Amino acid sequence: MSKITYIGALREGMREELLRDESVFCIGEDIGTYGGAFRATQGFLEEFGRPRILDTPLSESAIIGACVGAAIMGMRPVAEMQFADFVTGGFNMLVNFAAKVHYRWGPSVPMVVRLPCGGGTRGGPFHTTNPEAWFTRVPGLKVVAPATVRDAKGLIKAAIRDDNPVLYFEHKYLYRRLKDELPDEDLITPIGKARLAREGNDVSLIAYGSMVHYGGQAAAELEQAGISVEVLDLRSLVPLDEEAILATVAKTNRVVIAHEDTKTGGFGGEIAARIAELGFEHLDAPIRRVASIDTPVPHAPQLEDAFMPGVEDLKQALKETVEY
Amino acid sequence: MSKITYIGALREGMREELLRDESVFCIGEDIGTYGGAFRATQGFLEEFGRPRILDTPLSESAIIGACVGAAIMGMRPVAEMQFADFVTGGFNMLVNFAAKVHYRWGPSVPMVVRLPCGGGTRGGPFHTTNPEAWFTRVPGLKVVAPATVRDAKGLIKAAIRDDNPVLYFEHKYLYRRLKDELPDEDLITPIGKARLAREGNDVSLIAYGSMVHYGGQAAAELEQAGISVEVLDLRSLVPLDEEAILATVAKTNRVVIAHEDTKTGGFGGEIAARIAELGFEHLDAPIRRVASIDTPVPHAPQLEDAFMPGVEDLKQALKETVEY
Amino acid sequence: MGKTRRSPDGKASGRKEDAALAAYDEMFLLGLYRDMARTRALDDRIEALYKQGKLVAGCYSSRGQEACSVGSTASLRPDDVIGPMIRNLGSIVRHGVPLTLVLRNYLGRATGPTKGRDGSSHFGSLQHNMLGPISMLGALIPVCAGAALAFQMRGEDRVALTWIGDGGSNVGDFHEGLNFAGVLKLPMVLILENNKWAYSTPIEYQTAAKNFVCRAEGYGIRGATVDGNDVLAMYEVTREAVDRARAGEGPTLIEADTMRMRGHAIHDDAKYVPEEMFETWEQRDPILLFSQRLRAAGLLDDDTVAKIRQEVRAEVDEATEDATAQPLPDGKGEIDEVYA
Amino acid sequence: MGKTRRSPDGKASGRKEDAALAAYDEMFLLGLYRDMARTRALDDRIEALYKQGKLVAGCYSSRGQEACSVGSTASLRPDDVIGPMIRNLGSIVRHGVPLTLVLRNYLGRATGPTKGRDGSSHFGSLQHNMLGPISMLGALIPVCAGAALAFQMRGEDRVALTWIGDGGSNVGDFHEGLNFAGVLKLPMVLILENNKWAYSTPIEYQTAAKNFVCRAEGYGIRGATVDGNDVLAMYEVTREAVDRARAGEGPTLIEADTMRMRGHAIHDDAKYVPEEMFETWEQRDPILLFSQRLRAAGLLDDDTVAKIRQEVRAEVDEATEDATAQPLPDGKGEIDEVYA
Ligand SMILES: Cc1ncc(C[n+]2csc(CCOP(=O)(O)OP(=O)(O)O)c2C)c(N)n1
Ligand SMILES: Cc1ncc(C[n+]2csc(CCOP(=O)(O)OP(=O)(O)O)c2C)c(N)n1
Ligand SMILES: [Mg+2]
Ligand SMILES: [Mg+2]
């Protein structure tokens, strides 16, 4: 087995589903001839042709709206936002149309919106955000965020097979930095199940997306200082694996929550609130959140580095929580 | 002094600012001839004329975008969304343009977007939502939610005078149900200061908007059962009066958070997270959230009543928290 | 919907004078008349129920615009998809949705198409090939384009038909949706009902364009204008557009000239509308116009009108009875039905 | 910018042959040439800095489109407002923004117009009457309409000028913004740079319309087409639109025919563009065309070209030196500057 990148695994997952099911199609800006801004769909046009690989006008609302209509009529569209940031143009379609159709009058809306997100790439205020929290508060949408090569594939396949609108947050920083070997089998990551990325006893780090990696690094470094960190990779934000969260809290009695999104109103608040309500008895220390500071995402390296949480921030929060 | 309604106070506040400052203008759908869907701007067209009272095409993005441009050029627009729900059409303008201009290149963006929100009105999935949490996570936006007649006036005046984009969530259910006497003086509610709506000792209820009233009722009823509830009316979500929140938690050691928005991803999570981090030592009980259930807003009375939190839900949560 | 006439009966002697009518089957023509009457009767019933305090919320009348919905929908096959907006009751009626479903939804019943979760005619039904709108105007256009895309991809010769108002046409989704449909030549038809008002806003505050149909050119699609109060003209113009769509010639934007004859919703007394406007358009009531024409052609007489009126009333009565007898929802199980 | 000619110098004998040129002041004409040259030189410098690894991120070339920006902006007064998009470097240059500010922004310097918070030419400057764009294409159109609305409300005779691409023109905000501006007859001009590509997408995948300018009619505003590689034509068409806007006659949509001569951004080799297209348009390079014309009219010779080239290089060198010498940001105080 040869190693595959995170974006390669995503590509392979999509390709397998395109081959498996005729109702699956890809839609978005520059996904055909160009293979997508990040080349996630490279080679697809040659293999599957237009319209199954559909380069569209520059119209996010039309793209997402067309997905809703096609999905209601039985297709399984996979839309690419060129950057997650541009989903704001199709926001209304997602939160009002896609999310509410099934509840209102019954049809299933099996569609996936892929959202290349995240920073560390000097993309500035409009090419770097992590907008997942907007959608986690919308009943009717599912939200996943793969942190590993395996889940990049397993979650896109699960998302495509899911009968609901699923937002798939793929982290740009991980695209080519993560590499792994994958088995040949039909890899599906069930949506709604967290993954214990690392076992530990002293404190739990609950994270998703890129923070799983920074978290893993922090945990490895703290181990040498005698602190044992358990890392829970949520994988899916909606539905949320409350059971796994409460289990790790019950085990370590101390918890740090980490995400790359800004702190105020980020999804970490929801996790903290659930623990503060349902896991209160297990808590031996305040719940800390490690997140970006509450500003737009700045462009210059010095600023983006100061903006984003890093391994040192994680170590400090974990240490303080253990020492509390 | 005669009594004035919540919506009357809002209208009076806008009118005073229109009279005081020539750069203030009102913009929105049907706000002129018709005086607005809820008559918040009734009489304004006659008094101030077009274009200061500007009926627009049905184009939320153009309305909000035009506010941004006019505000950068020194005007102080006050936009009305016909219902808060329709802000999704102008979402991109708010979260990407309005919110980030000052941080990016300096100009102030003094604009207000008024958002008639909230349920109990059988408005169904698209005329009833409480979308404030989408905006509380966007650095650069301020978010206020008056719960009283006094603040309906004081906060609109403060919002209009603020040099930043301010989202003003006015609750439709309170429009004509709340009445109060107001002093003649220039009433300004400072943005970012919570209000102790009721003093108590056993448990704190942190709320905003309509929940302040349901909460007051619950508190009054619980008093007879010997439970003393402190009610904190946040008034402003961004900036958040963390000090007032921590003070009431330090006093009662028990806290319930209430909002009409759905639970998962609602702003209550942020409040709970702050308390769980910064007020942990004071807590004697789990932090409970009382909120709507995680579905779109249903239309039929039986469903909307089951969806929304009511006085009984509040009483139960407060009681359980005290008895914990 | 036959295009050739069946042998005319005795009353048909006058019909030769109306060459356009002569091209159609009598049953088809009476069907148009009947479906407009059914729509009006249902509309009136909804208003009456509102006044009796029986509706959950308000209601939106399509009075005076029945031709725009009935005539256009008559051009469809049952497997074509409609995406009606709030003033397209006639489309729902014509496309074969039982009236009780509309009433159950207005009455917020557990057995209605939305189980009380949404109101008024805000529902969809896959069984009836009907997509439900959302309140955000314009949004249905890209969604209907998506439905049409599904048909095109699967090689089905089905068509999607939807509507927009003079107000709603200024929302960005109109632009994105029609342009998208134009590029892909999707089998889709959009009818723009220019009823002169969007809530209290007159069209000159909506756009400076001399009309709306000229926007079609900006998307490289066909445009057509039609007297929206002439049900047969509505049928014909839509039929042509639908035939072209089915033949792979792409979408059409049709601007229908009509008038909103009530306030925006029932709470709105529409005082901002000049009285003369209502008076002028009252003369052009689509049901009145068509019945005059049918009468002139000898296809309708007092007896038939009375008979149809009675049948329609019976249908609406029955639907009302059925809908009213349905159970109310109990507020349980909502959360289990958010996800498929 | 005078419209009448000053007394021609000795070299002017050939000028009579070019009647259009003859209507302009020599300094004005040479100014257009010079500003295109300045734009190109700055563009080249940015590319060079990228290749030296000095830029924070990528860069977007406006090569071949200098006329669209310089010619149009030349029609403005200093107090008019520009809202440049990513390929309107020439507009920034022409409207009097010092080149060092552009470079400081590209280099992410603390003393740049965004203090390193945003990149490339993504900035605004109230002092220079320049609005900064956001990345979301189309959004600047309603915002410029809002600026124009402020001018109109205050009775100022200022105008707002902005741009959009063949791709970006399919975003809903194009529709909402232009229609809004049309209704209010706002003093605003929108130039649609049809450069044939939107990233890798050719115009036939963007729209089925035969051109973009026909959309003007749908908003009841003026439309005009122009050779976007002819700087004087750009000046004239925009000048007319600006004059009308200033006179209260409302907005104009101008479609400029041009070509993107590089990839979308520097990382993009644009292999999807047919080689012939580049070759054909290379012949139509706006600087080349205008210099040929000026030479033919005797307004430009080798000496002047060399002199201008030298001056421009000196200016760009100086700006680069200045920008490079500026401090980098330190990541402190960000959070204090989110709110005004
Ligand atoms: C995007 C959006 N903004 C505002 C509204 C509120 N609203 C509902 S109907 C209406 C007027 C619609 O006018 P038009 O499109 O002409 O349709 P008509 O009512 O005349 O059939 C408005 C403003 C809405 N539903 N959607
Ligand atoms: C709303 C939106 N969607 C997607 C993008 C990503 N994007 C940036 S530029 C571009 C192509 C723009 O093409 P065009 O508008 O023709 O301008 P040009 O680059 O040719 O000047 C795309 C897709 C964006 N910036 N904004
Ligand atoms: Mg209308
Ligand atoms: Mg282009």
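Only a predicted model underlies this, so the values are computations on that prediction, with no experimental measurement involved. Residue numbers start from 1 in every chain, and the chains themselves are labelled A, B, ... in the order their sequence lines are given, proteins ahead of strands.
Note on E47(C) versus R63(C): no salt bridge recorded, every NZ/NE/NH1/NH2 to OD/OE distance being 4.0 Å or above. Between D268(C) and R262(C), no side-chain nitrogen of the basic residue sits less than 4.0 Å from a carboxylate oxygen of the acidic one, so the salt-bridge criterion is not met. Ionic pairing of R215(C) and E255(C) is not present here: no N-O contact between side-chain nitrogen and carboxylate oxygen is shorter than 4.0 angstrom.
For the set S169(C), A139(C), S135(C), the entry with the most heavy-atom pairs within less than 4.5 Å of chain B is S135(C). Comparing A306(B), S61(B), P125(B), P296(B) by heavy-atom pairs within less than 4.5 Å of chain C, the highest count is held by P125(B). The choice from P298(B), G124(B), A62(B) that makes the most heavy-atom pairs within less than 4.5 Å of chain C is P298(B). Among G165(C), G167(C), G108(C), the residue with the largest count of heavy-atom pairs under 4.5 Å with chain B is G167(C).
Judged by the 6.0 Å and 45° rule, R50(B) forms no cation-pi pair with F25(B). Annotation: cation-pi geometry not satisfied between R11(B) and F38(B) (NZ/CZ under 6.0 angstrom from ring centroid, within 45° of ring axis). Geometrically, R45(C) does not engage Y50(C) in a cation-pi contact defined by less than 6.0 Å to the ring centre and at most 45° from the axis.
Contacts classified as salt bridge (charged side-chain N to carboxylate O under 4.0 Å, His left out) and involving residues 291-317 of chain B (residues at least two apart or in different chains) are given here: R122(B)-E304(B), R122(B)-D305(B), E221(B)-K315(B), E312(B)-K315(B).
The part of V338(C) that comes within reach of chain B is its side chain, from C-beta onward, which places non-hydrogen atoms under 4.5 angstrom from that chain. Looking at L107(C), there are no atoms closer than 4.5 Å to chain B (heavy atoms on both sides), in backbone or side chain. Contacts of T56(B) with chain C are made by backbone atoms alone, with heavy-atom separations under 4.5 Å and no side-chain atom involved. For K271(C), no part lies under 4.5 angstrom from a heavy atom of chain B. Contact of H264(C) with chain B is not made at all, since no heavy-atom distance falls under 4.5 Å. Only the side chain of L328(C) comes within contact range of chain B, with heavy atoms under 4.5 Å apart.
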